[in-house]
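We name chains A, B, ... by the order of the sequence lines, and we start the count at 1 in each one.
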Amino acid sequence: MLDLHFHNSATRRKEKFTPLDALHVRMYVCGPTVYDLAHIGNARPVIVFDVLSRLLRRVYPRVTYARNITDVDDKIIDRARDSGEPIDSITTRTTADYHADMASVGAMRPDIEPRATTHIAEMITLIEKLIAGGHAYAAEGHVLFAVKSFDKYGKLSGRSPEDLLAGARVEVATYKNDPGDFVLWKPSTDDMPGWNSPWGRGRPGWHIECSAMSWKHLGESFDIHGGGEDLLFPHHENEVAQSLCAFPGSVFARVWMHNGMLRVNGEKMSKSLGNFRTVRDLLALGPWAGEAYRMLVLKTHYRAVLDYSEDALHGAKKELDRFQRAMGNAKPSAPHADVLAALADDLNTPLAVSVLHRLADAALAGDADAASSLRASVDLLGLCWTDAETWFRGEGDNAVIEAAINARLAARAAKNFAEADRIRADLLAQGILLEDNAGGTTWRRAS
RNA sequence: GGUCCGGUGGCAGAGUGGUGAUGCAGAGGACUGCAAAUCCUCGAAUGCCGGUUCGAUUCCGGCCCGGACCUCCA
């Protein structure tokens with residue numbers, strides 16, 4: 001069996017991966033809060049952990065990958081209030097958009113996609129356990145986690161409670177015993193979503209949602225917890241505190257994996273800077289853009305900052321063009337050993353991509369085995385899921401193009417090169433690029 | 001201010017205690033009526049200063065620069 005090694009954020013070291021259950025790997029990744037369209041930064045962890053899940057499935061007999069949908073959150077409530085659209089409508093619509101957008105970057109659906117609103121009972125159970133264990137307290141309709149009750153608080157993110165206070169720039173609510181305490185449950189007014197609880201009608205805090213859903217579907221302890229680097233604190237730190245205190249003796253997540261942030265043209269993506277890109281914006285560039293974005297993401301190591309630009313996206317597209325040409329209609333054999341080795345070493349996708357280029361070189365030189373291995377390798381990475389014909393030509397009726405090509409062939413046969421060039425330039429203006437090969441003239445869409 | 005991560009050719013981006021992958025871009029060539037695609041060749045990099053070492057891009061320390069986080073942003 002292939003040995004896997006992953007960088008564990010909790011220890012800040014690369015470690016050999018050993019699942020708790022040798023036959024069944026369990027992984028949890030923080031999913032979206034469904035109040036708006038996903039942006040390309042949201043898509044990065046989805047792509048990264050999709051590749052990880054594909055790798056795990058290849059190595060282990062069973063993998064359970066859970067990624068939640070946060071469908072109760074103050075951002076959703078605010079959006080409903082601002083737009084007038086009912087909450088149910090917002091969350092249903094945004095969830096569907098999310099599924100479509102993540103499919104467009106080649107991500108498979110996780111095995112389980114728990115929604116927060118259907119796990120309120122588990123959240124209440126957890127909160128009751130925390131109160132019973134002296135780790136939480138109710139105050140003014142809220143329930144708060146008592147940070148001081150957990151001596152390992154801050155260990156995951158490498159912070160001490162003093163550090164946290166030093167940088168604190170928030171007003172401390174009067175109902176908190178300690179400024180670092182965070183909300184497990186909060187009261188809802190009548191116009192807000194709420195559930196009955198021992199502390200009155202209310203709704204859960206964000207952090208408890210993930211602790212409850214991972215517990216329900218993966219158990220008290222599981223193997224991998226993933227998410228964006230920005231979630232390390234406070235979200236993941238708080239999950240650890242909640243779950244470990246609710247289940248003494250458990251380990252919660254064995255390995256923590258965090259992907260780096262995405263920047264756009266060297267700047268942090270934000271609405272105020274005007275460089276905000278949704279996945280929809282990306283797809284508007286062309287039907288190839290989703291695959292190209294996935295390629296772009298995999299060309300950078302998952303822990304590094306990724307700087308997005310349209311130039312870089314086009315560069316990634318050209319690399320995919322090359323893989324498509326090299327593969328032709330080859331049937332998949334097995335991923336190249338070097339691709340597997342690269343992925344097994346902390347998901348080194350950039351190194352794996354370099355192996356893909358090596359295979360493409362060999363395939364273009366006529367090596368059929370290399371073409372088959374390339375096919376299997378890109379499948380493992382989830383790249384090139386569009387067949388070559390569609391990739392290069394798109395879908396639709398191409399009779400007009402074929403007619404133009406025939407006219408050009410006739411002109412060339414008559415040595416009327418001026419006319420042949422005119423036809424070619426004409427087509428190029430329409431986004432059609434002609435290529436004269438030894439076997440004849442072919443065409444593809446320019447981009 | 002605190003914690004953490006990182007600084008490799010024009011750009012992107014790996015690896016490595018012993019003459020630095022890969023892709024894009026660029027130069028030259030083959031092929032082509034001309035292109036495109038493909039192939040061949042080439043130029044081009046380890047932030048700065050110390051230390052350890054026979055030898056450091058790699059390990060250690062300092063500095064400079066960039067980034068993430070510091071109570072609900074993936």
Side-chain angles (χ1 to χ4, degrees), chain A residues 7 9 12 29-33 38-46 48-49 67 70 73-75 145 147 154 157-160 162-173 176 179-183 186 205-210 226-235 237-238 258-263 266-270 295-296 299-301 303-307 309 311-312 314-319 321-322 325-326 342 345 348-358 360-361 364-365 412 415-418 420-421 424-425 428 433-438 441-444 446:
Chain A
H7 178 90
S9 306
R12 295 167 190 80
V29 174
C30 292
T33 299
H39 61 247
I40 57 177
N42 294 312
R44 168 126 96 143
V46 172
V48 164
F49 292 106
R67 186 182 65 210
T70 294
D73 186 274
D74 288 1
K75 285 197 292 290
F145 185 90
V147 167
S157 56
R159 292 152 206 269
S160 66
E162 299 76 56
D163 293 337
L164 300 176
L165 291 182
R169 50 185 185 216
V170 290
E171 292 183 33
V172 178
K176 288 188 179 182
D181 292 351
F182 57 89
V183 172
K186 51 190 162 188
W206 178 39
H207 313 299
I208 198 69
E209 298 180 5
C210 284
E229 197 178 18
D230 55 339
L231 294 184
L232 189 53
F233 188 89
H235 185 51
E237 189 71 59
N238 292 355
H258 290 96
N259 62 276
M261 296 295 98
L262 181 103
R263 318 189 84 214
E267 294 176 316
K268 181 170 178 166
M269 185 164 61
S270 73
M295 177 68 175
L296 182 61
K299 275 162 56 70
T300 300
H301 188 87
R303 285 193 287 112
V305 172
L306 166 60
D307 192 9
S309 69
D311 280 353
H314 280 99
K317 196 256 180 195
K318 290 188 71 164
E319 293 183 58
D321 286 348
R322 180 177 157 79
R325 280 192 202 93
D345 184 15
N348 193 338
T349 53
L351 189 59
V353 168
S354 77
V355 178
L356 260 31
H357 279 288
R358 233 170 54 211
D361 285 346
L364 286 164
R412 290 183 71 207
K415 298 267 191 257
N416 185 352
F417 296 121
D421 288 350
R424 185 171 60 194
L428 187 58
L433 185 65
L434 294 191
E435 297 180 333
D436 298 325
N437 303 297
T441 295
T442 58
W443 67 272
R444 64 188 163 97

Enquirer: For A:T441, is there any backbone N or O sitting under 3.5 Å from a side-chain donor or acceptor partner on A:D436?
Expert: no

Enquirer: Under 3.5 Å for both pairing distances: what stems, at least three Watson-Crick or G-U pairs long, include RNA chain B?
Expert: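 RNA chain B forms these stems: B:1-7 with B:64-70, B:10-12 with B:22-24, B:26-30 with B:38-42, B:47-51 with B:59-63.
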
Enquirer: Within the 4.0 Å limit for protein heavy atoms, which parts of nucleotides 31-38 of chain B are touched? Write it as a string from 5' to 3', B for base, S for sugar-phosphate only, - for none.
Expert: --BBBBSS

Enquirer: Using atom C1' in both nucleotides, what's the gap between B:rA36 and B:rA44 to the nearest angstrom?
Expert: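 Nearest-Å result for B:rA36 against B:rA44 at atom C1': 27 Å.
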
Enquirer: Heavy-atom distance under 4.5 Å between the side chains of A:M295 and A:K317, does that happen here?
Expert: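 Side chain of A:M295 against side chain of A:K317, heavy atoms only: no contact under 4.5 Å found.
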
Enquirer: Roughly, in whole Å, what's the span from CZ in A:R358 to P in B:rU22?
Expert: 9 Å

Enquirer: How long is the line joining CH2 of A:W206 and C1' of B:rU71, in whole Å?
Expert: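 About 10 Å, once rounded to whole Å.
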
Enquirer: For A:K317, which contact category applies under a 4.0 Å heavy-atom criterion: base, sugar-phosphate, or nothing?
Expert: nothing

Enquirer: Please determine, for the side chain of A:S354, which listed nucleotide (B:rU22, B:rA74, B:rC70) has the closest atom?
Expert: B:rU22

Enquirer: Looking only at atom P, what distance separates B:rC39 and B:rA25, rounded to whole Å?
Expert: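 After rounding to an integer number of Å, I get 13 Å for this pair.
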
Enquirer: Between A:D421 and A:R424, does any NZ, NE, NH1 or NH2 come within less than 4.0 Å of an OD or OE carboxylate oxygen?
Expert: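 Judged by the 4.0 Å cut-off on N to carboxylate O distance, A:R424 and A:D421 do form a salt bridge.
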
Enquirer: Of the listed nucleotides (B:rC5, B:rG23, B:rA68), which one gets closest to any side-chain atom of A:R12?
Expert: B:rC5

Enquirer: Taking B:rC65 as the reference, what is the distance to B:rU46 when you measure between their C1' atoms (whole Å, please)?
Expert: 16 Å

Enquirer: What interatomic distance, in whole Å, is found between C1' of B:rG26 and the corresponding atom of B:rG9?
Expert: 12 Å

Enquirer: Name the nucleic acid region contacted by A:H235, choosing base, sugar-phosphate or nothing; use a 4.0 angstrom heavy-atom cut-off, strictly under.
Expert: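 If one applies the 4.0 Å heavy-atom cut-off, A:H235 turns out to touch nothing in the nucleic acid.
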
Enquirer: Select base, sugar-phosphate, or nothing to describe what A:H39 touches, counting heavy atoms under 4.0 Å on all strands.
Expert: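 Here A:H39 touches the bases of the nucleic acid.
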
Enquirer: Can you measure A:L296 atom CG to B:rC11 atom C1' for me and round it to whole angstrom units?
Expert: 13 Å

Enquirer: What is the distance from CG of A:D230 to C1' of B:rA74, rounded to the nearest Å?
Expert: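 That distance rounds to 5 Å.
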
Enquirer: Determine whether A:I208 and A:F145 make a side-chain contact, defined as any pair of heavy atoms from C-beta on separated by less than 4.5 Å.
Expert: no

Enquirer: Between A:S9 and A:H258, what is the shortest heavy-atom contact and its length?
Expert: OG-ND1, 2.7 Å

Enquirer: Could you work out the separation of B:rG20 and B:rG43 based on their C1' atoms and round it to a whole Å?
Expert: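 Their C1' atoms lie roughly 16 Å apart.
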
Enquirer: Nearest whole angstrom, please: distance from the C1' of B:rA14 to the NE2 of A:H7.
Expert: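 Rounding to the nearest Å, NE2 of A:H7 and C1' of B:rA14 are 17 Å apart.
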
Enquirer: Remember a base hit wins even if backbone is also touched, and classify A:N348 as base, sugar-phosphate or nothing at under 4.0 Å, heavy atoms.
Expert: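 Result for A:N348 = sugar-phosphate.
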
Enquirer: Which part of the nucleic acid, if any, lies within contact of A:K75, taking any heavy atom under 4.0 Å across all strands shown: a base, the sugar-phosphate backbone alone, or nothing?
Expert: sugar-phosphate

Enquirer: Counting any heavy atom closer than 4.0 Å, what does A:G41 reach on the DNA or RNA strands: base, sugar-phosphate only, or nothing?
Expert: base

Enquirer: What I'd like to find out is whether the side chain of A:E319 reaches to under 4.5 Å of the side chain of A:L356, using heavy atoms alone.
Expert: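 Not touching, per the 4.5 Å side-chain cut-off.
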
Enquirer: Which whole-number value in Å describes the distance from A:E319 CD to B:rA12 C1'?
Expert: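 Taking atom C1' of B:rA12 as the reference, CD of A:E319 is at 9 Å.
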
Enquirer: Apply side chain to side chain contact (heavy atoms under 4.5 Å, CB included) to the pair A:W206 and A:N238, showing each step before the final yes or no.
Expert: CA-CA 10 Å; A:W206 178 39; A:N238 292 355; over 6 Å; no

Enquirer: Tell me, do A:H301 and A:H7 make a side-chain contact under 4.5 Å, heavy atoms counted?
Expert: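 A side-chain contact under 4.5 Å is absent here.
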
Enquirer: I want to check something: taking the side chain as every heavy atom from C-beta on, are A:E209 and A:D73 in contact at a cut-off of under 4.5 Å?
Expert: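 Heavy-atom side-chain distance check fails, nothing below 4.5 Å.
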
Enquirer: Which nucleotide, B:rG67, B:rU22, B:rC69, lies nearest any side-chain atom of A:H357?
Expert: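 Closest nucleotide among those given: B:rU22.
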
Enquirer: What verdict does the side chain to side chain contact (heavy atoms under 4.5 Å, CB included) test give for A:V305 and A:E229, after you've listed the backbone C-alpha separation in whole Å, the side-chain angles of each residue and the deciding distance to 0.1 Å?
Expert: CA-CA 10 Å; A:V305 172; A:E229 197 178 18; 5.5 Å; no

Enquirer: Compare the minimum distances between each of B:rA14, B:rC72, B:rG67 and the side chain of A:P350, then state the nucleotide with the smallest one.
Expert: B:rA14

Enquirer: To the nearest Å, how far apart are A:H314 NE2 and B:rG23 C1'?
Expert: 16 Å

Enquirer: If the P atom of B:rG17 is compared with that of B:rU57, how far apart are they to the nearest Å?
Expert: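 Their P atoms lie roughly 13 Å apart.
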
Enquirer: Taking the same atom, C1', in B:rA68 and in B:rC73, what whole-Å distance lies between them?
Expert: 11 Å

Enquirer: How far, in whole Å, is B:rU8 from B:rA21 if one measures between their C1' atoms?
Expert: 12 Å

Enquirer: Is there a side-chain contact between A:T300 and the phosphate of B:rG13, meaning an N or O under 4.0 Å from OP1 or OP2?
Expert: yes

Enquirer: Considering every strand and a 4.0 Å limit on heavy-atom distances, what is the contact class for A:L262: base, sugar-phosphate, or nothing?
Expert: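 The answer is base, as A:L262 lies within the cut-off (heavy atoms under 4.0 Å) of a base atom.
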
Enquirer: In terms of the nearest nucleotide of RNA chain B, which residue is placed more toward the 5' end: A:L231 or A:G315?
Expert: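 The answer here is A:G315.
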
Enquirer: Measure the distance from CZ on A:F233 to P on B:rC4 and round it to the nearest whole Å.
Expert: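 Taking atom P of B:rC4 as the reference, CZ of A:F233 is at 14 Å.
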
Enquirer: Which residues satisfy the ring-ring contact (aromatic ring centres under 6.0 Å, His included) test with A:H39, sequence neighbours excluded?
Expert: A:F276

Enquirer: Distance from A:L262 atom CG to A:N42 atom CG, nearest 0.5 Å?
Expert: 9.5 Å

